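Shown next, in C-alpha cells, is the structure this report addresses.
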Amino acid sequence: MSVALYARGGGAKPAARRPGRGRRRAAVVLLLALAYAAGILMFVLEGGGGGPSGRAGVTVASLRRRRAAPLPSPPPGSVYRSHLVFDRLLPDIRDETSSASTASSLSSTSWRRSMLMTSHNQNPGELWMPCINRRLIRSELPPSNGYLMVEANGGLNQQRLSICDAVAVASLLNATLVIPTFHFNSVWRDHSKFGDIFDEDYFIETLREHVRVVKELPADVLEHFNNNISSIPNLRTKAYSSPNHYMQKVLPKLQELGVVRIAPFSNRLVQSAPSNIQALRCFVNYQALRFAEPIRVLAKDMVERMVKKSTLTGGKYISVHLRFEEDMVAFSCCTYDGGSKEKIEMENARERSWRGKFHRHGRVINPEANRRDGKCPLTPLEVGMMLRGMGFDNTTSLYVASGKIYNAEKYMAPLRQMFPLLATKDTLALPEELAEFEGHSSRLAALDYTVCLRSEVFVTTQGGNFPHFLMGHRRYLFGGNARTIKPDKRKLVLSFDDPNIRWDQFKRHMQDILHHSDMRGTAFRKPNDSIYTFPLPDCMCQQDGMI
C-alpha cells in the first residue's frame, strides 16, 4: 500500500523533500556567482581587460608596478656630490702631498719644477704695452656746458665702472663732473664715500687736462633747486646708451638747466665707442683711479707678506676669487650638502635681501639645472680639488679673496687641508690693521683686489665685475699675458658628480679643463666685450708702446 500511495503522489515523504532540493540549487547558484566574481577579480589583478593594446586603463597591478618603479636618475652633474669624491680621493691627495714634502726638503737644484715657476709673459715676441696717450686727443678745454651728477651703484668694481663711464660721458658733453655719489646697497651694506675708497685729490688732478671734476655742486647752482639735489631733473637713461643719445637727449637739458642727474648710473654707455672715449676710459681706470692712502699702504704690506710666504715658489703665488658668501649662495638658488638647515638659511637670506623676488608668479627655481649649466658657485672644497688635480701641490701659496664664507668652518677646512700655505686678508693683516676697514665691504674688496692683481696666477670661479676688472687690469700691467684660470664649470661638475672616479682619471679631466681655461695669450676685445676686461687693442700697442 505504501508503494501505491507513493506512486500516486500522495503521502508525506515526497512533500518533505522539495525544500532541501531548493536549498541545494541556491547553494550551487551562490557558488557559481562567487566563482564568477573570483574570476573577474583574478582577471583584473592580472592586468587584463584591455586586450593586446592594454587600453583598459589603470589597474591595481599596474598601479603597484608604477609605485615600485624607481625614479629616473638626474642627469650627470645635477647633484652636489663633491664631498663624496673628496672622501674617496683624499688618500691619493695625501700620497702626493707626502711626495711634494719630500721633494721640497731637497736642495733647490733638485727640487721639482713648480707649476708657478713660470713667467707672466709666455710669448715675449707678442708683448703689448699701454699706449693710452697716443689715443687721447688733447686740446684746451672749452667752457663747460654745465654740471653732470651721477650715482654709482653696486660693489667696488661696479662703482669703478660707473666712475670711468661718467668721466667719458662728461667728456662727450663737455660737462663738469661732480665726484660721483655711491648708492647704499642692501647686499654690500657699505656707507663709504668716494674719498674713503679712492684718492679724490689725485683723481681730480690727473684728469684736469681731459675733464673738469669738482668735489661738490657749487652752492649758487644748488640754490636754483631750493638747495635740494633731488629737485634736479634725473634723466634716466637705458643701459648701453650710445654717444648720440647723450648728445641728442642729455646735452640740450644740460645746456638749459646747467646741471643734470643720471641715477642709477651703471653700464650706461655702450661698450664700443670712438677711440678717444675708449682711451679715456682706460686712462681713468688704470691711472686716475688709485685707492685711498690707508688702503694702498696696507695692501702693499699684504702683497709683500704674501711674497715672503711663497719662498718655495720663488715668491710667486696663486690668487682665487672665491664667491661662496651667504648672499651669493642664496642668490644662485643652488643646493649643496647642508640638508634642511641649509635650505632654511638660504630661504631666509633670499627674503632678507630680495624680498619676494624668488616667489613671483611664474618664477621657476631648478637647482639641478643651475648646477648642470655651471651657474653654481664653487665650494672651497671644489676649488681645492680642482687646483690639486691641475697640478698645484701643497707647496703652492694660495691667497683667497672673498667676503665672509658661508659655513666657513665646514667648507674651508678641506681647502686648508689641501693647501696649508693658504692666506686671506684676515691672516695676512693684523686685527688692528683691519679694524678701520671692518663693516666696509668695498674697502675690504680693495685690499683683495690689490693682492690678486700682483699674483702669478688668478683663478676666477663665479664671474662678476671683480674678476672682469681684475683680468683686464692684469692684462694691462703684464703685457697682455697674465695667467688666468677660468674653468668650464659645466665640465667640472661632471667629474665632481662621480663618487667612484679614480685619481688618475680626475687629474686628466682637470688638466684638460686647465688646458682650455688657462688664458695666457693676448685676448682682443670683440664689439660687445667690455674694455675693462679686454683693453687690447683700444688701450695697448704692440711692443714699442708708450704710456
Side-chain angles (χ1 to χ4, degrees), residues 131-154 158-181 194 198 203-218 221 232-289 469 472 525 527-535 537-539:
C131 58
I132 295 173
N133 287 346
R134 290 186 182 183
R135 311 287 171 82
L136 284 175
I137 301 171
R138 281 186 173 80
S139 60
E140 186 176 346
L141 292 175
S144 174
N145 286 320
Y147 293 90
L148 172 65
M149 304 182 72
V150 303
E151 184 181 83
N153 54 309
Q158 194 167 341
Q159 292 168 345
R160 193 181 188 109
L161 183 152
S162 298
I163 295 164
C164 296
D165 281 1
V167 172
V169 169
S171 176
L172 276 169
L173 300 174
N174 186 33
T176 299
L177 178 66
V178 180
I179 286 287
T181 57
F194 187 102
F198 301 105
F203 178 75
I204 295 171
E205 176 61 23
T206 305
L207 288 172
R208 65 183 176 82
E209 294 183 2
H210 306 282
V211 174
R212 295 181 181 87
V213 183
V214 294
K215 292 185 179 182
E216 57 186 21
L217 194 66
V221 177
I232 299 171
N234 183 13
L235 303 184
R236 294 183 176 272
T237 58
K238 294 181 180 179
Y240 305 111
S241 293
S242 68
N244 284 340
H245 168 83
Y246 286 98
M247 298 303 291
Q248 295 172 8
K249 301 294 183 180
V250 179
L251 180 58
K253 277 290 182 183
L254 177 67
Q255 292 172 324
E256 175 190 346
L257 301 172
V259 57
V260 294
R261 284 192 306 135
I262 303 178
F265 191 86
S266 178
N267 294 307
R268 289 303 187 268
L269 181 62
V270 69
Q271 303 284 15
S272 295
S275 176
N276 190 53
I277 293 299
Q278 298 291 60
L280 185 56
R281 280 168 146 175
C282 286
F283 184 75
V284 179
N285 191 31
Y286 303 126
Q287 295 188 42
L289 273 180
F469 266 75
R525 190 183 70 82
N528 292 324
D529 287 339
S530 168
I531 195 167
Y532 306 115
T533 308
F534 300 96
D538 302 82
C539 303

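These numbers come from a predicted model, not from an experiment. Computed over heavy atoms, backbone and side chain alike; hydrogens, waters and symmetry mates excluded.
- Separating the CG atom in N267 from the OG atom in S162 is a distance of 7.0 Å, to the nearest 0.5 Å.
- Here the closest heavy-atom approach between residue I277 and residue A273 is recorded as CG2-CB, 3.8 Å.
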Please tabulate, for side-chain N and O atoms in residues 249-263, each donor-acceptor pair with protein atoms closer than 3.5 Å (sequence neighbours left out).
from: R261; atom 1: NE; to: I229; atom 2: O; distance (Å): 3.4
from: R261; atom 1: NE; to: I232; atom 2: O; distance (Å): 3.1
from: R261; atom 1: NH2; to: I232; atom 2: O; distance (Å): 3.3

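- Separation of atoms OH (Y246) and CG (L148) is listed at 8.5 Å; rounding is to 0.5 Å.
- Panel note: side chain R281, backbone Y532; no donor-acceptor pair is recorded below 3.5 Å.
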Should V169 and R268 be marked as a side-chain contact (heavy atoms from CB on, under 4.5 Å) after you check the CA-CA gap, both sets of side-chain angles, and the distance that decides it?
CA-CA 9 Å; V169 169; R268 289 303 187 268; over 6 Å; no

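- A distance of 7.0 Å separates CD in Q248 from OG in S242, rounded to the nearest 0.5 Å.
- Here the shortest heavy-atom pairing between R135 and D538 reads NH1-O, 2.5 Å.
- Two residues are said to be in side-chain contact when any heavy atoms from C-beta on lie closer than 4.5 Å; S530 and Q271 meet this criterion.
- Inter-residue side-chain proximity for H245 and V270 is flagged as unmet; no heavy-atom pair is nearer than 4.5 Å.
- The minimum heavy-atom distance linking P527 with S272 is given by the pair O-OG, 2.6 Å.
- For the residue pair V284 and F203, the shortest heavy atom distance occurs at CG1-CE1, 3.9 Å.
- A heavy-atom distance below 4.5 Å is found between the side chains of P243 and P274.
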Go through F198 and I163 one step at a time and tell me if the side-chain contact (heavy atoms from CB on, under 4.5 Å) criterion holds.
CA-CA 11 Å; F198 301 105; I163 295 164; 3.8 Å; yes

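- Taking CZ of F265 as the start and CG of N234 as the end, the distance is 11.5 Å to the nearest 0.5 Å.
- How far OG1 of T181 is from CZ of F194: 11.0 Å, rounded to the nearest 0.5 Å.
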side-chain contact (heavy atoms from CB on, under 4.5 Å) assessment of V178 paired with L217:
CA-CA 6 Å; V178 180; L217 194 66; 4.1 Å; yes

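- With sequence neighbours excluded, the residues satisfying side-chain contact (heavy atoms from CB on, under 4.5 Å) with T176 are S144, Y147, R212, V214.
- Looking at residues two or more places apart in sequence or on another chain, you find no disulfide bond (SG atoms under 2.5 Å apart) involving C164.
- Of all non-hydrogen atoms in L172 and M247, the two that sit nearest each other are O-SD, 3.4 Å.
- Side-chain contact between Q278 and R525 is present, with at least one heavy-atom pair separated by less than 4.5 Å.
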I would like to know whether C539 and C282 meet disulfide (SG to SG under 2.5 Å); could you show each step before the answer?
CA-CA 6 Å; C539 303; C282 286; 2.0 Å; yes

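- Under the 4.5 Å side-chain criterion, counting only non-hydrogen atoms from C-beta, L280 is in contact with V211.
- Of the inter-residue distances, the one linking L269 atom CG with Y240 atom OH reads 10.5 Å to the nearest 0.5 angstrom.
- Minimum interatomic distance between R236 and P264 (heavy atoms only, all atoms of both residues): NH1-CD, 3.4 Å.
- The number of heavy-atom neighbours closer than 6.0 Å to CG of N244, taken from other residues, nucleotides and ligands shown, is above 12.
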